[in-house]
J.: 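Sharing a structure below in structure tokens format, with a few things to ask.
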Amino acid sequence: MTTTDTTTASAQINAAGVLLALFTTHSDLPASRITSERVVADERDAAGAPVLTEGLTLGFHCSTSLADFEQWRQALGLDPAGVDLATTGTFAWLDVTTTYAGTPIRLVGYFELPEAARGGER
């Protein structure tokens with residue numbers, strides 16, 4: 001996996017600009033937990049490996065509803081079929097990545113599994 005240089009704050013400039021653009025364009029959407037971090041981008045290096053580049057993760061921590069995640073997914077025009085589901089014990093998350101103004105954006109919606117889906121775990 002190839003990574004971009006993240007040794008200085010300058011690596012985060014594009015992500016910061018995109019964050020401002022996102023929030024200006026979608027100021028009516030729910031607030032999220034925001035992280036500027038290396039995100040797997042759509043591009044590949046010469047060997048075909050995914051490239052990690054500085055991007056944004058918008059995290060939605062909801063114990064009972066994924067409505068905030070869903071509003072952002074719809075606003076960014078992301079296909080529901082492209083959303084990945086992962087689980088561990090009683091906890092699960094939805095995950096989808098896109099590119100916005102050349103910067104990778106990752107949406108993650110965290111939630112507790114309903115008791116019926118926990119397989120006996122509490």
Side-chain angles (χ1 to χ4, degrees):
M1 189 169 296
T2 303
T3 60
T4 57
D5 175 31
T6 58
T7 58
T8 65
S10 67
Q12 297 175 309
I13 290 172
N14 288 343
V18 166
L19 179 62
L20 181 59
L22 271 174
F23 286 3
T24 300
T25 304
H26 303 291
S27 61
D28 59 329
L29 291 178
S32 66
R33 179 176 175 263
I34 305 155
T35 308
S36 177
E37 61 187 348
R38 289 179 290 164
V39 176
V40 176
D42 291 335
E43 67 182 283
R44 302 279 177 170
D45 65 15
V51 174
L52 282 175
T53 189
E54 200 65 34
L56 297 169
T57 297
L58 304 182
F60 303 92
H61 300 265
C62 303
S63 60
T64 58
S65 172
L66 291 168
D68 294 352
F69 172 89
E70 183 60 16
Q71 287 179 54
W72 274 96
R73 186 200 59 75
Q74 289 178 7
L76 295 177
L78 301 175
D79 185 348
V83 177
D84 293 322
L85 169 67
T87 64
T88 179
T90 63
F91 192 68
W93 59 97
L94 299 177
D95 193 333
V96 63
T97 302
T98 190
T99 301
Y100 187 90
T103 297
I105 305 292
R106 180 176 175 226
L107 303 180
V108 184
Y110 302 95
F111 63 101
E112 290 182 45
L113 287 170
E115 197 154 331
R118 294 181 185 181
E121 292 188 40
R122 290 190 173 266

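Keep in mind that what you see is a predicted model, and the values were worked out from it rather than measured.
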J.: Just how far is it from atom CD1 of Ile34 to atom CG of Leu22, taken to the nearest 0.5 Å?
T.: 9.5 Å

J.: Suppose we screen for side chain to side chain contact (heavy atoms under 4.5 Å, CB included). Which residues come up paired with Leu94, at least two apart in sequence or across chains?
T.: Leu66, Phe69, Val83, Leu85, Phe111

J.: Nearest 0.5 Å, what's the CG-OG1 distance between Leu78 and Thr98?
T.: 4.5 Å

J.: Minimum heavy-atom separation for Ala92 and Thr87, please, with both atom names.
T.: CB-CG2, 3.7 Å

J.: Minimum heavy-atom separation for Leu29 and Ala75, please, with both atom names.
T.: CD1-CB, 3.5 Å

J.: With sequence neighbours left out, which residue pairs that include part of residues 23-35 fulfil the side-chain hydrogen bond (donor to acceptor under 3.5 Å, both in side chains) condition?
T.: none

J.: Can you pull out every side-chain hydrogen bond (donor to acceptor under 3.5 Å, both in side chains) where at least one residue sits in residues 66-78? Sequence neighbours excluded, please.
T.: Glu70-Arg73, Glu70-Gln74

J.: Using atom types as modelled, flag every donor-acceptor pair under 3.5 Å from a side chain in residues 101-108 to any protein atom, sequence neighbours excluded.
T.:
unit_1: Arg106; atom_1: NE; unit_2: Asp95; atom_2: OD1; d: 3.1
unit_1: Arg106; atom_1: NE; unit_2: Asp95; atom_2: OD2; d: 3.0
unit_1: Arg106; atom_1: NH2; unit_2: Asp95; atom_2: OD2; d: 2.6

J.: Once you round to the nearest 0.5 Å, how far does CG of Leu76 lie from OG1 of Thr97?
T.: 11.5 Å

J.: Please identify each residue that fulfils side-chain hydrogen bond (donor to acceptor under 3.5 Å, both in side chains) with Ser36, with sequence neighbours left out.
T.: Gln12, Glu54

